[in-house]
Engineer: 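Just passing along the structure, written as structure tokens.
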Protein chains: 2
Amino acid sequence: MNEGHLPIGRFARLCRLSVKQLRHYDELGLLPPDYVDPDTGYRYYRPDQARAAMLIGLLRSIDVPLPSIGRVLSGDTGALGGVRDRMEAELARRERNFAALERILADGLPRPEVTVVREPARRVAVVRDVATPDRIGAVTSACVTRLLAAAGDPRGLMIGLFPLDLAPELTVAVTVETSEDVPGTSSDVLPGGLYASVTHVGPYDQIPLTAHALLAWVGEHGHTPEGPLREVYVSNPATTPQDRLVTHLMIKLEDPE
Amino acid sequence: MNEGHLPIGRFARLCRLSVKQLRHYDELGLLPPDYVDPDTGYRYYRPDQARAAMLIGLLRSIDVPLPSIGRVLSGDTGALGGVRDRMEAELARRERNFAALERILADGLPRPEVTVVREPARRVAVVRDVATPDRIGAVTSACVTRLLAAAGDPRGLMIGLFPLDLAPELTVAVTVETSEDVPGTSSDVLPGGLYASVTHVGPYDQIPLTAHALLAWVGEHGHTPEGPLREVYVSNPATTPQDRLVTHLMIKLEDPE
DNA sequence: ATGGAGGCTCCCGCAGTGGGAGGGTCCACC
DNA sequence: GGTGGACCCTCCCACTGCGGGAGCCTCCAT
């Protein structure tokens with residue numbers, strides 16, 4: 001221990017962290033003091049450790065978890081990239097949800113018109129994939145692309161199928177009505193019967209809001225939803241502005257005995 | 001307890017929350033079940049509670065704290081606005097810090113050129129205000145506006161003063177050199193002496209990054225910073241693109257004996 | 001009547017601190 | 001060479017918003 005050493009409080013002020021934080025980072029091995037007095041336990045830092053401390057502070061300010069910070073500090077150059085990707089996704093999610101909140105503030109809680117319709121059974125070509133809840137949008141559009149590639153120019157509307165349980169892993173499917181087998185897809189029959197249906201107008205990433213309202217309606221009217229949620233993509237997203245995209249959301253009701 | 005009642009698991013699936021969450025919200029009084037069996041403790045929900053449950057879910061998805069959600073649910077119409085404001089500030093902060101991270105990814109940790117300069121004492125007109133850490137930017141520009149209004153067209157550069165300790169409440173000041181008293185401002189003398197100085201080029205909200213680097217330099221060179229951080233606003237933000245804004249950051253060093 | 005799904009309470013754990021108790025140390029000033 | 005006050009130490013508890021699991025009870029369809 002020599003001249004330049006700083007006790008923890010002074011060092012904390014220098015790098016604008018709290019004493020508690022520094023002790024915690026020491027415990028985790030993120031930023032061990034240069035010297036610890038074996039008798040008193042006093043921590044002493046070298047001033048040039050401030051740079052690392054400030055990097056920690058910056059990364060913390062964008063909510064990078066401490067273990068990732070550890071990886072960055074120990075020279076894992078790839079770690080920063082991963083951090084950035086996660087940040088980006090997180091920011092996007094925040095913005096989406098923020099938009100939903102704005103919508104609620106403007107229009108109040110959505111209570112869209114729900115109708116009960118009788119749907120025929122439909123023979124469809126299906127493309128499936130497994131997604132995590134935050135990647136539903138991306139995986140679904142990938143499925144759409146694959147289905148379009150396989151089925152060519154479809155006559156009917158495409159219908160997305162999404163499980164009601166938002167499990168950590170869920171299988172999404174995109175279908176289109178067809179009379180014959182389509183290579184590269186599997187075939188299936190969507191059951192007919194009574195469906196509760198609601199029309200969502202607006203961007204796809206605000207569908208959950210309307211879907212929730214539909215589920216609430218189903219509950220309030222004493223029905224039990226059955227099977228996956230259907231999304232019928234009425235508009236062409238390539239030619240329709242986001243605000244005008246029309247999607248029918250439908251959920252099968254239990255058969256009236 | 002009657003027909004329409006749902007046990008917790010079914011209700012959870014309906015409104016896409018976990019059983020744990022519902023129990024938690026019950027404990028907090030956010031969403032008490034319609035009926036609790038006094039013998040078994042079983043919770044039973046009315047289907048029309050799903051709408052409230054989904055509102056909770058939506059608000060949680062944007063990280064609104066449960067107590068705030070409670071206020072919204074109990075009809076505090078102002079609460080949603082407050083929520084939105086906090087969300088907005090939070091998003092802005094994230095974006096700022098994200099930009100800082102991008103910068104670091106691109107350029108590496110900043111290690112700008114620090115020089116030691118001798119500054120004369122300056123007689124200045126001062127406008128002060130108290131800010132919270134996240135409102136420093138706004139409060140500072142308000143001070144600038146007030147100072148400009150009081151001092152007219154200043155000859156010298158404006159200098160901002162910011163305490164080094166980032167306390168929850170801090171006093172920021174904006175000054176401009178003057179030879180006579182300026183009504184509507186207080187007068188002060190900025191001490192002369194040796195300063196560590198660094199030039200920050202870029203948006204004002206990335207100043208903390210460079211400021212930290214300056215502090216780190218000061219520490220590494222065995223100095224002790226003294227007094228507030230100075231920011232000398234060299235560019236005119238009205239006519240300079242953000243990326244080219246030049247600001248000198250300076251911190252007084254202890255007097256060499 | 002029985003089995004399995006689903007419910008209950010209670011306790012522990014997480015991350016990343018803040019707060020505080022209870023006690024030892026350092027240092028500047030007298 | 002004291003002494004007071006600032007500073008440091010280690011523990012422990014609290015928070016938020018849940019998830020996991022133990023150990024037990026209840027509901028309902030067969």
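Every chain is numbered from 1, with letters handed out A, B, ... down the list of sequences. These figures come from a predicted structure and were not determined experimentally.
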Engineer: Establish whether the base of C/dG16 is bridged to the side chain of A/Y25 by a donor-acceptor pair shorter than 3.5 Å.
Structural biologist: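 Absent.
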Engineer: Do any side-chain nitrogens or oxygens of A/R60 fall under 4.0 Å of OP1 or OP2 in C/dT17?
Structural biologist: yes
Engineer: How long is the gap from CD on A/E231 to OG1 on A/T140, to the nearest 0.5 Å?
Structural biologist: 7.0 Å
Engineer: Which part of the nucleic acid, if any, lies within contact of B/R43, taking any heavy atom under 4.0 Å across all strands shown: a base, the sugar-phosphate backbone alone, or nothing?
Structural biologist: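 Here B/R43 touches the backbone only, sparing every base.
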Engineer: Grab the CG-P distance between A/D63 and C/dG16 for me, whole Å please.
Structural biologist: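 So the two atoms are 9 Å apart, to the nearest Å.
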Engineer: Between B/Y45 and B/F11, what is the ring plane arrangement, given parallel below 30°, perpendicular above 60°, and tilted in between?
Structural biologist: parallel
Engineer: For A/E27 and D/dC11, give me the distance from atom CD to atom C1', rounded to whole Å.
Structural biologist: 11 Å
Engineer: Nearest whole angstrom, please: distance from the P of C/dG16 to the CG of A/L17.
Structural biologist: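 It works out to 14 Å between those atoms.
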Engineer: Hey, which sits more toward the 5' end of DNA chain C by its nearest nucleotide, A/T40 or B/R13?
Structural biologist: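 Taking each residue's closest nucleotide, the earlier one in sequence belongs to B/R13.
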Engineer: Does D/dT10 have OP1 or OP2 sitting under 4.0 Å from an N or O in the side chain of A/R23?
Structural biologist: no
Engineer: Which atom pair, heavy atoms only, marks the closest approach of A/R23 to A/I8?
Structural biologist: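 So the two residues come closest at CG-CD1, 3.6 Å.
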Engineer: Output the rounded distance in Å from CG (B/L31) to P (D/dC18).
Structural biologist: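 One finds 13 Å between P of D/dC18 and CG of B/L31, rounded.
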Engineer: Starting from P on C/dC27, measure out to CZ on A/R10 and report it in whole angstrom.
Structural biologist: 10 Å
Engineer: Let me know, please, whether B/L66 or B/Y42 comes out on the 5' side of the other along DNA chain D by nearest nucleotide.
Structural biologist: B/L66
Engineer: How close or far is atom C1' of C/dA15 from atom CD1 of A/I69, stated in whole angstroms?
Structural biologist: 12 Å
Engineer: Considering just the side-chain nitrogens and oxygens of A/S18, establish if one lies under 4.0 Å of OP1 or OP2 belonging to C/dT17.
Structural biologist: no
Engineer: Ignoring hydrogens and angles, answer whether the base of C/dG19 and the side-chain atoms of A/K20 contain a donor-acceptor pair closer than 3.5 Å.
Structural biologist: yes
Engineer: Which sits closer to the 5' end of DNA chain C, A/D39 or A/H24, going by the nucleotide each is nearest to?
Structural biologist: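 Its nucleotide being nearer the 5' end, the pick is A/H24.
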Engineer: Calculate the interatomic distance between A/Q21 atom CD and D/dC8 atom C1'; express it in whole Å.
Structural biologist: 17 Å
Engineer: Would the distance check show the side chain of A/Q206 and the main-chain N or O of A/P203 forming a donor-acceptor pair, the cut-off being under 3.5 Å?
Structural biologist: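 No, because the side chain of A/Q206 does not come within donor-acceptor range (under 3.5 Å) of the backbone of A/P203.
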Engineer: Over how many whole Å does the gap from A/L28 atom CG to C/dA15 atom P extend?
Structural biologist: 8 Å
Engineer: How far does CE of B/M54 sit from CG of B/L14, to the nearest 0.5 angstrom?
Structural biologist: 5.0 Å
